[in-house]
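Counting convention: from 1, in listed order, for ligands and their atoms alike. Values below: all heavy atoms of this structure, side chains included; hydrogens, waters and symmetry mates excluded.
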Amino acid sequence: MKKTRDNIATKLLLTLAAAVLITFQGFSQTKANADAEKAIFPKGEQGPASNFTGKAFNYGLVANDSTYNTVVGNVLFEPGARSNWHRHPAGQILIITAGEGYHQIKGKPIEKMRKGDVVKCPPNVEHWHGASPDSSLHQMYIIPNTEKGIVEWLQPVTDKEYNAFK
Ligand code: MN
């Protein structure tokens with residue numbers, strides 16, 4: 001008799017566990033679909049671990065040439081992902097099209113970026129940008145005057161630096 005009761009209890013527990021699992025799967029699929037619907041451009045190619053912490057995907061929109069001397073593209077940062085510290089010899093303009101992220105100039109506090117924000121990174125200033133811990137970031141970038149150079153990569157943004165956002 002006890003064994004039958006235990007079996008019923010086990011079955012109930014397994015059913016409950018399955019229901020919870022299905023609910024969470026449904027939730028994460030909905031979130032993934034919502035993220036995909038936010039995207040204007042294709043995801044692109046994953047950036048190298050030597051320049052990024054976490055997963056960041058780059059999709060080129062305007063390749064560099066001697067007529068425009070400008071590079072335009074889109075980066076999708078997954079939650080928690082960010083660039084290394086770096087400099088652009090002629091500066092950079094960021095346009096946030098979806099999600100939420102962080103931007104920091106060396107020596108200054110981290111600033112939050114949201115959909116619709118436009119951020120200027122001045123020439124030769126050490127900085128980084130990326131997603132916030134619980135949101136992806138869809139970020140267009142424009143690099144002008146590429147005859148001066150495009151990007152100089154530096155050291156990774158440590159967890160301590162990244163988590164310093166207040
Ligand atoms: Mn930059």
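Side-chain atoms of T158 come within 3.5 Å of backbone atoms of E161 as a donor-acceptor pair (strictly under, hydrogens ignored).
Nearest to the Mn ion (ligand 1), among the N, O or S atoms that H86 has, is NE2.
Around the Mn ion (ligand 1), the two atoms OE1 of Q92 and NE2 of H129 are separated by an angle of 90°, to 10 degrees.
For a distance bound of 2.8 Å, the N, O or S atoms of C121 include none lying that close to the Mn ion (ligand 1).
Just one residue in the list Y162, W128, W85 forms a side chain to side chain donor-acceptor pair (under 3.5 Å) with Q104, and that residue is W128.
When all heavy atoms of N84 and H86 are compared, the pair lying nearest together is O-ND1, 2.9 Å. For the pair P79 and P133, the tightest heavy-atom approach, listed with the atom from each and the gap, is CB-O, 3.3 Å.
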